[in-house]
Each structure stands twice: as C-alpha cells, then as structure tokens.
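Just below is one structure, and these are the notes that go with it.
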Amino acid sequence: MLIRYEKCLKNHAASIGGQIVDGCGEFIPSGNEGSEAFKCAACSCHRSFHRKQVKGGDKVQICVLCRNETERPMFSAHETIRPSWTDDGMMFPASLCGSNGHGALTLHKKKRHRTTFSLEQKERMFYFAEGLGWKILKQDEESVQNFCDDVGVPRRNFKVWMHNHKHVMKSK
C-alpha cells in the first residue's frame with residue numbers, strides 16, 4: 001500500500017470568508033525527522049492540508065453489527081461520509097457492509113440525554129430562583145436541596161437551568 005500526499009487544500013482566505021488555495025501540487029517534506037518531516041518545503045503547510053491518496057490498498061474491515069468481513073478501498077482525505085444512527089445511539093457511515101446495510105466503519109457516539117421539565121416544575125423553579133436572586137449561596141444549600149427533592153428535579157439540573165435562564169428571566 002502506497003500513501004502519497006498531493007495537492008494542498010489549505011484555505012488561505014478562510015479568515016475573511018473567501019476560498020484561496022496556494023496551488024502547491026505535491027507534498028515535499030522539509031526534513032527527515034521531527035516536526036520538519038510534516039512541513040511542506042514548497043508551501044510551508046502541514047502535511048494534513050494535502051490531499052491524501054492511497055494506492056494499491058483494499059482494506060478488509062469487519063462490521064461491528066454483523067461481524068462479516070467487507071472489502072472496501074480506504075477513504076481519501078476529502079471524501080464525505082454521511083452518518084446514520086442506530087437505535088442504541090451508535091453512528092455509522094452511510095456506506096454499506098455487504099447486503100446487511102450496516103456501516104463498515106464505526107464511530108461510537110452516544111446521544112446526549114436532554115432533560116425536560118414540566119410547566120409546573122419550570123414555574124416553581126422560576127419563583128424559587130427569583131427568591132434566591134439567581135445565585136446559590138453556601139447558606140442556601142440545604143433549602144435548595146429540600147426544594148429539589150420536593151419538585152423532583154436533581155440539584156445539578158436545577159443549577160444548570162438557573163445558569164441558562166438567569167439572563168433571560170432577569171430582563172423580563
């Protein structure tokens with residue numbers, strides 16, 4: 001398997017919202033060791049800005065869902081992979097594994113649980129936070145814990161809710 005780094009794709013006008021590449025056609029290392037080996041002698045960009053081309057390599061990968069082997073060429077650096085989600089929160093590329101329809105390359109990512117509050121809980125938290133002045137002080141710790149137990153909201157979630165809503169609610 002041969003890996004070559006070709007055309008430089010660094011956008012030199014990204015800070016002003018434009019698109020300008022320098023035209024460097026191939027990565028040439030500045031040195032043999034250390035960080036100099038990753039710097040291009042022609043354009044002074046890092047090797048990661050150059051398009052990666054893999055020649056002569058079909059990589060055998062194993063699907064984590066069906067445990068079948070699948071032969072696929074490796075992805076090039078600029079290829080787009082559309083993710084799809086399974087019921088348990090795992091993410092797979094939309095490329096297919098054999099006839100099963102599973103992704104051959106997996107990225108494990110769980111969806112973040114989002115807390116939802118009832119209207120009654122929001123109203124009670126609002127009035128309690130107003131009484132505290134939108135701050136939890138050391139002397140209020142016990143009353144905050146009692147309030148959270150009474151409302152049925154974890155203390156940490158109440159603190160986060162207070163932090164997220166203090167600026168909006170103070171202005172009303």
Side-chain angles (χ1 to χ4, degrees), residues 5 8-22 34-35 38-39 44-52 59 61-70 72 74-172:
Y5 294 90
C8 183
L9 301 173
K10 182 175 182 181
N11 183 5
H12 294 278
S15 63
I16 59 171
Q19 172 71 29
I20 298 175
V21 292
D22 59 14
S35 62
F38 296 109
K39 188 176 178 183
S44 300
C45 294
H46 191 272
R47 185 177 76 181
S48 63
F49 286 109
H50 289 260
R51 178 175 287 150
K52 183 178 183 179
K59 186 175 179 184
Q61 298 174 345
I62 298 175
C63 177
V64 295
L65 291 179
C66 62
R67 301 287 183 227
N68 290 337
E69 288 187 0
T70 178
R72 309 170 18 98
M74 289 180 63
F75 297 109
S76 62
H78 63 281
E79 186 172 350
T80 303
I81 302 172
R82 293 185 329 253
S84 57
W85 293 92
T86 62
D87 293 336
D88 64 349
M90 291 181 69
M91 186 174 77
F92 296 95
S95 57
L96 301 178
C97 166
S99 61
N100 296 328
H102 306 299
L105 190 68
T106 60
L107 304 173
H108 299 277
K109 180 156 177 144
K110 289 279 188 181
K111 280 186 155 180
R112 185 176 67 86
H113 174 67
R114 195 174 165 94
T115 307
T116 54
F117 300 109
S118 68
L119 189 59
E120 179 192 351
Q121 286 175 324
K122 288 179 188 176
E123 288 175 359
R124 289 183 66 186
M125 289 190 298
F126 173 75
Y127 289 118
F128 189 74
E130 283 277 310
L132 293 175
W134 296 94
K135 294 180 191 170
I136 298 177
L137 303 173
K138 284 280 186 197
Q139 65 255 22
D140 299 328
E141 290 289 335
E142 189 176 331
S143 62
V144 169
Q145 188 60 50
N146 291 337
F147 169 76
C148 290
D149 292 341
D150 186 41
V151 174
V153 174
R155 184 180 174 282
R156 181 171 183 244
N157 291 10
F158 174 64
K159 281 179 65 173
V160 169
W161 182 88
M162 256 180 57
H163 177 74
N164 290 342
H165 291 83
K166 65 183 169 190
H167 298 294
V168 176
M169 300 300 186
K170 280 183 180 180
S171 63
K172 286 186 177 181

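Quick note: residue numbers are just sequence positions, from 1.
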Pairwise side-chain contact, Trp134 with His167, heavy-atom cut-off 4.5 Å (strictly under): no
Rounded distance (nearest 0.5 Å) linking atom CD of Glu130 with atom CE of Met162: 10.5 Å
Euclidean distance, Thr116 OG1 relative to Gln121 CD, rounded to 0.5 Å: 8.0 Å
Sequence-distant partners of Ala13, side-chain contact (heavy atoms from CB on, under 4.5 Å), two or more places apart: Asn11, Ile16, Ile20
Plane angle bin for Trp161 and Phe117 - parallel if under 30°, tilted between 30 and 60°, otherwise perpendicular: perpendicular
Min side-chain heavy-atom separation Leu132-Val144 under 4.5 Å: yes
Tyr5: partners by ring pair (Phe, Tyr, Trp, His ring centres under 6.0 Å), with sequence neighbours left out: none
Phe38: side-chain contact (heavy atoms from CB on, under 4.5 Å) partners, not counting sequence neighbours: His46, Arg47
Other residues, nucleotides, ligands: >12 heavy atoms within 6.0 Å of Glu120 CD: no
Nearest-0.5 Å distance that lies between atom CZ in Phe128 and atom CG in Asn146: 8.5 Å
Under the side-chain contact (heavy atoms from CB on, under 4.5 Å) test, residues paired with Lys10 that sit two or more places apart: Cys8, His12, Cys45, Phe49
Contacts of Glu123 that satisfy salt bridge (charged side-chain N to carboxylate O under 4.0 Å, His left out) - sequence neighbours left out: none
Residue pair Ile136 / Arg155: nearest heavy atoms and the distance that separates them: CG2-NH2, 4.3 Å
Exercise: identify the closest heavy-atom pair between Cys148 and Phe158: SG-CB, 3.8 Å
side-chain contact (heavy atoms from CB on, under 4.5 Å) partners for Ser44, two or more places apart: Lys39
Derivation of the side-chain contact (heavy atoms from CB on, under 4.5 Å) call for Asp150 and Arg124: CA-CA 10 Å; Asp150 186 41; Arg124 289 183 66 186; 2.4 Å; yes
